[in-house]
Amino acid sequence: MVDFGGWQMPVNYGSQIEEHHAVRTDAGMFDVSHMCVVDLSGPDTRELLRRLVANNVDKLKVAGKALYTCMLNQQGGVVDDLIITFLNEDWFRLVINASTAITDISWIRAVIARSNLKVTLVPRRGDLASPELALAIIAVQGPQAREKFWRAVPTTKSLTNELKPFNAALVSDSTFGELMVSRTGYTGEDGFEIVSRADAAPLLWKTLSENGIRPAGLGARDTLRLEAGMNLYGQDMDETVSPLDAGLAWTVDLKSDREYMGRQGVEHRGVSAQTIGAVVFGEGGVPRAGQAIHVAGGEGVVTSGTFSPTMQRPIAIVRVPMSVKPGDELVISVRGRELAAVAVRLPFVRNGGVLSQV
């Protein structure tokens, strides 16, 4: 067990490598209840989100549709990245990061007060909500994840069988109560993220396990998300980093005339770097966050690094000058050694297949 965002998290339940491969080849599950569900309701909720986040919430028109986006500070740095789910015009559900939950909630409440908007904010994480309001989140991921989840909770299949990626459905189950089942994830594999009442989560976890879904810890979650080229808040981006430099330009609405928090900061800063992948092909170690990168005509930095169980090579997410192209050689400084690597497009792995070979 280790500290993660103020929560005690299991690094692994047994073999971290086996947990990783279970998600890539079969089905694994993660307890991600440290993340914080926040319900926003009221007639001005959409207007609040128009002012609050960088992506365009007007894309959310159909009940259950979800949107990945960032909240920005005035300088255009990332305050947090989050998922917004549209449930109805008066009810939007946010899932925000563990370590930023308290500051995020204060930030949102300040915007509501300052703008005099009619919005009610209710945090639903155990340490922030009343017991009866507390929610838990279990992520079930892998090529067999959906089939095994339906076997464990058969009442969900009719409403989630046709669910498209980045959509959610509300399901009432006689055993587990109300569930929000979202076709989202953080591993590069298919699956669901299930939001349940906190008091129903232990039985849900046990039932999923009995149906062949393997528990997986923080270690496997990190190697899986890094193979999938997915950012980790506080490491690959933070309040000092523009989303344009963090590979998140696709989440930033610069086409509409909508004014939102941080837009002027993003536009003023422009693009100063790019986020791409690096695959190590030399001997000498595994790249880690903060290590320097030397490239022709400039310098860069590793933002996340690990040994890839799927590729059997060290890999990294790196921030480098705009001049770097896929196939260019990189040199990563690892504890006094120079590690040879090559730049590649992200992701490294998606749906069980390796996309970035060297």
Side-chain angles (χ1 to χ4, degrees), residues 3-9 31-55 57 60 66-139 168 178 180 182 184 186 193 195-199 201 231-235 237-241 243 248 251 259-263 265:
D3 178 83
F4 185 79
W7 289 67
Q8 289 295 305
M9 300 285 290
D31 177 3
V32 290
S33 305
H34 59 295
M35 301 184 74
C36 184
V37 176
V38 175
D39 282 341
L40 298 174
S41 60
D44 294 334
T45 303
R46 185 181 291 273
E47 180 57 29
L48 166 68
L49 294 170
R50 286 191 183 112
R51 303 182 190 190
L52 190 68
V53 300
N55 211 337
V57 294
L60 300 178
L67 183 75
Y68 175 75
T69 186
C70 295
M71 290 193 299
L72 308 177
N73 58 24
Q74 295 288 15
Q75 294 73 41
V78 180
V79 173
D80 198 9
D81 65 324
L82 62 147
I83 292 177
I84 301 171
T85 303
F86 170 59
L87 296 171
N88 61 51
E89 197 56 43
D90 290 331
W91 180 19
F92 291 72
R93 174 165 283 177
L94 280 54
V95 178
I96 58 182
N97 279 301
S99 60
T100 57
I102 293 173
T103 54
D104 282 2
I105 290 168
S106 296
W107 180 275
I108 297 169
R109 281 179 168 150
V111 175
I112 293 170
R114 184 167 62 248
S115 305
N116 197 28
L117 297 173
K118 295 179 181 178
V119 179
T120 300
L121 182 155
V122 179
R124 306 293 301 272
R125 194 173 69 175
D127 62 330
L128 300 174
S130 301
E132 68 275 10
L133 294 175
L135 298 176
I137 311 175
I138 299 173
E178 185 173 84
M180 187 180 84
S182 303
T184 53
Y186 193 52
E193 289 187 314
V195 177
S196 75
R197 295 194 328 256
D199 59 4
N231 284 359
L232 174 64
Y233 186 81
Q235 198 160 295
M237 77 287 201
D238 58 30
E239 61 187 9
T240 70
V241 177
L248 298 175
T251 72
E259 285 297 327
Y260 54 85
M261 190 82 70
R263 175 170 184 160

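Position 1 is the first residue of the sequence, and the numbers go up from there.
Atoms CG and CD1, on Leu128 and Ile105 in that order, are 5.0 Å from each other to the nearest 0.5 Å. We find the OG1-CD distance between Thr240 and Gln75 to be 10.5 Å, quoted to the nearest 0.5 Å. Rounding to the nearest 0.5 Å gives a distance of 12.0 Å between CZ of Arg114 and CG of Asn116. Separating the CD atom in Glu259 from the CZ atom in Arg51 is a distance of 11.5 Å, to the nearest 0.5 Å. Atom-to-atom distance recorded for Cys36:SG and Asp127:CG is 7.0 Å, nearest 0.5 angstrom. Of the inter-residue distances, the one linking Thr184 atom OG1 with Glu193 atom CD reads 3.5 Å to the nearest 0.5 angstrom.
Minimum heavy-atom separation, Ala98 to Trp7: CB-CD1, 4.3 Å. In terms of heavy atoms, Thr251 sits closest to Leu248 at OG1-O, 2.7 Å. Here the shortest heavy-atom pairing between Tyr233 and Val79 reads OH-O, 2.9 Å. Of all heavy-atom pairs between Met261 and Val111, the closest is CE-CG2, 3.8 Å. Across Arg125 and Ala134, no two heavy atoms sit closer than the pair C-CB, 4.5 Å. Closest approach of Ala129 and Pro123 over heavy atoms only: CB-O, 3.0 Å.
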Checklist entry - Under the side-chain contact (heavy atoms from CB on, under 4.5 Å) criterion, do Val37 and Met180 qualify, and how do the steps go? => result CA-CA 11 Å; Val37 176; Met180 187 180 84; over 6 Å; no
Next on the checklist: Go through it in stages, so that I can follow the logic: the residues are Ile108 and Leu94, the test is side-chain contact (heavy atoms from CB on, under 4.5 Å), and I'd like the CA-CA distance, side-chain angles, deciding distance and then a yes or no.
Outcome noted: CA-CA 11 Å; Ile108 297 169; Leu94 280 54; 4.0 Å; yes
Checklist entry - Could you walk me through whether Val78 and Leu72 pass the side-chain contact (heavy atoms from CB on, under 4.5 Å) check? => result CA-CA 5 Å; Val78 180; Leu72 308 177; 4.2 Å; yes
Checklist entry - Are Ser99 and Asn97 close enough, and set up right, to give a side chain to side chain donor-acceptor pair (under 3.5 Å), and what steps lead you there? => result CA-CA 6 Å; Ser99 60; Asn97 279 301; over 6 Å; no
Checklist entry - Given Val195 and Arg93, is the side-chain contact (heavy atoms from CB on, under 4.5 Å) satisfied, shown in steps? => result CA-CA 11 Å; Val195 177; Arg93 174 165 283 177; 4.1 Å; yes
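For Tyr68 and Asp81, the side-chain atoms include at least one donor-acceptor pair closer than 3.5 Å.
Within a 6.0 Å sphere centred on CD of Glu47, heavy atoms belonging to other residues, nucleotides or ligands number more than 12.
Side-chain atoms of Asp90 and Thr45, non-hydrogen and from C-beta on, never get closer than 4.5 Å to each other. Side-chain atoms of Arg124 and Val122, non-hydrogen and from C-beta on, do get closer than 4.5 Å to each other. Side-chain contact check for Leu49 versus Leu40: some heavy-atom pair is nearer than 4.5 Å.
Applying the ring-ring contact (aromatic ring centres under 6.0 Å, His included) rule to pairs touching residues 92-134 yields Phe86-Phe92, sequence neighbours excluded.
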